[in-house]
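Model, not experiment: these values are computed from the prediction. Each chain gets a letter, A, B and so on, in the order the sequences are listed, and its residues count up from 1.
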Protein chains: 2
Amino acid sequence: MSSDERDTRTRILEATWRLLEAHPGQEVKMAEIARAAGISRQAVYLHFASRTELLIATTRYVDEVKGLDARLARLGEATTGVEMLEACVEVWGNYIPEIYAIARALMRAKETDEAAAAAWNGTMGCLRDVCREVIDTLDREDRLAADWSPDEAVDLFFTLISIPNWEQLTIEHGWSTVKYVEHMKLLLRRAFVAG
Amino acid sequence: MSSDERDTRTRILEATWRLLEAHPGQEVKMAEIARAAGISRQAVYLHFASRTELLIATTRYVDEVKGLDARLARLGEATTGVEMLEACVEVWGNYIPEIYAIARALMRAKETDEAAAAAWNGTMGCLRDVCREVIDTLDREDRLAADWSPDEAVDLFFTLISIPNWEQLTIEHGWSTVKYVEHMKLLLRRAFVAG
DNA sequence: ATGCTCACTTGACACGGTGTCAATTGATGT
DNA sequence: ACATCAATTGACACCGTGTCAAGTGAGCAT
């Protein structure tokens, strides 16, 4: 019963994810998701009140499966600010391609839907906290470039590693993930590290 | 007759623009535009075949009224690459807020509409050409940072001054236009100018 | 003044996607 | 034999885009 429900619910989440990955950047319709999950369109609404809610739940599901938290834990191993910065770019830069499809769907939803925006900002808040840590560490080491206050540096750092920028460089301009990571590291060092 | 038609057509374009500015980031409906222009909804379709076409025409109209070309001509006055780079940021950074509403509408349309994407890429191609000029000039002066090939530098430059980045820094994080321009100049110098 | 043209109006309609509702089926556990 | 509950079927309302057809009315022709 409860496990049955979990099963169907999970099947919907997986179907959503699969479809998003299969048609990147396309609008995935509720009817398609239902078909892919092997249930009726209406049954989806028994588990998720709306399209937005389904997208948000899928985001959480993917984040959980992919384990961003665990990956970000690696940053703790870094001893210097520069190492943290590079580890951050590496983890995040390798994570984006894995979650890009659902992230893009949620980004689009957030433009019109308040709940989607809140969910998105929540997820992104974690990343922002990491940016803050990196910048604070650099600042404590007196290696933060004199051009920025810590707050400004965080805003800028967070903006530079945003998904739209990744999208532009990799998808539009054809950069590989490796190239993206290496060049982003270079850019961030030049931008934020003194000397 | 011909002037009458121009009048109505222009009234539609202006109504579209006005509504986009008034409700930034909202979906503006054909019916609202018609009402704002003082005509029937169907009459809009006598002048523009579709919503996308109207958005594209509005973009062109705004670009023409605002005169980006003339502003970019100022770059010719710059003598060094660094001056060009700074002038570029200044012109573009002051231009974005004036066209942000329509730009955002077109950016959104381009996600689903092929024609909108083409129009957008056309407009952005001009900006990219300017980026290329700046980088080439720096390169010719041997002042392009050794970390990048000219092609890579152009990709990155173009990405850094993109509208989503402007949006994030000014709208989300509250940076003023002046702050945006000054800090973007600093960032670009640190990123691309050697020494 | 009669009649044409042409922009525009009115009102209806098809389509596609979301979300809702009500009645029904069918498997499960008791 | 019965209740429960997930899921099904089929219908429907709503909204926004785009289309179609018939009608209005002002300006301009000769």
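- Atom CZ of B:R9 is separated from atom C1' of C:dC6 by 17 Å (rounded to the nearest Å).
- Ion pair A:E14/A:R11 not flagged as a salt bridge, since none of the NZ, NE, NH1 or NH2 atoms sits closer than 4.0 Å to an Asp/Glu carboxylate oxygen.
- Under 4.0 Å is where a charged nitrogen must lie from a carboxylate oxygen, and between A:E27 and A:R51 at least one such pair does.
- Tested against A:L144 for a side-chain contact (heavy atoms from CB on, under 4.5 Å), the candidates A:V193, A:D139, A:V134 yield a single pass: A:D139.
- If you take NE2 of A:H47 and C1' of D:dC5, they are 11 Å apart, rounded to a whole angstrom.
- Atom CZ in A:R11 sits about 11 Å away from atom C1' in D:dA6, given to the nearest Å.
- Ion pairing between a basic and an acidic side chain is recognised when a charged N comes within 4.0 Å of a carboxylate O; A:E167 and A:R104 show such pairing.
- Across the protein-nucleic acid pair, A:D7 atom CG and D:dA7 atom C1' stand 14 Å apart, rounded to whole Å.
- One can place CD of B:Q42 at 10 Å from C1' of C:dC8, the figure rounded to the nearest angstrom.
- Between the side chain of B:R41 and the base of D:dG18, at least one donor-acceptor pair of N or O atoms lies under 3.5 Å.
- In the set C:dT18, C:dT9, D:dG16, the nucleotide with an atom closest to the side chain of A:K29 is C:dT18.
- Rounded to an integer number of Å, the gap from CD1 of A:I39 to C1' of D:dA6 is 10 Å.
- A:T8 has a side-chain polar atom (N or O) that falls below the 4.0 Å cut-off from OP1 or OP2 of D:dA7.
- Going from atom CD1 of A:I33 over to atom C1' of C:dG17 covers 12 Å, rounded to whole Å.
- Between the C1' atom of D:dT19 and the OH atom of B:Y45 lies a distance of 9 Å, rounded to the nearest Å.
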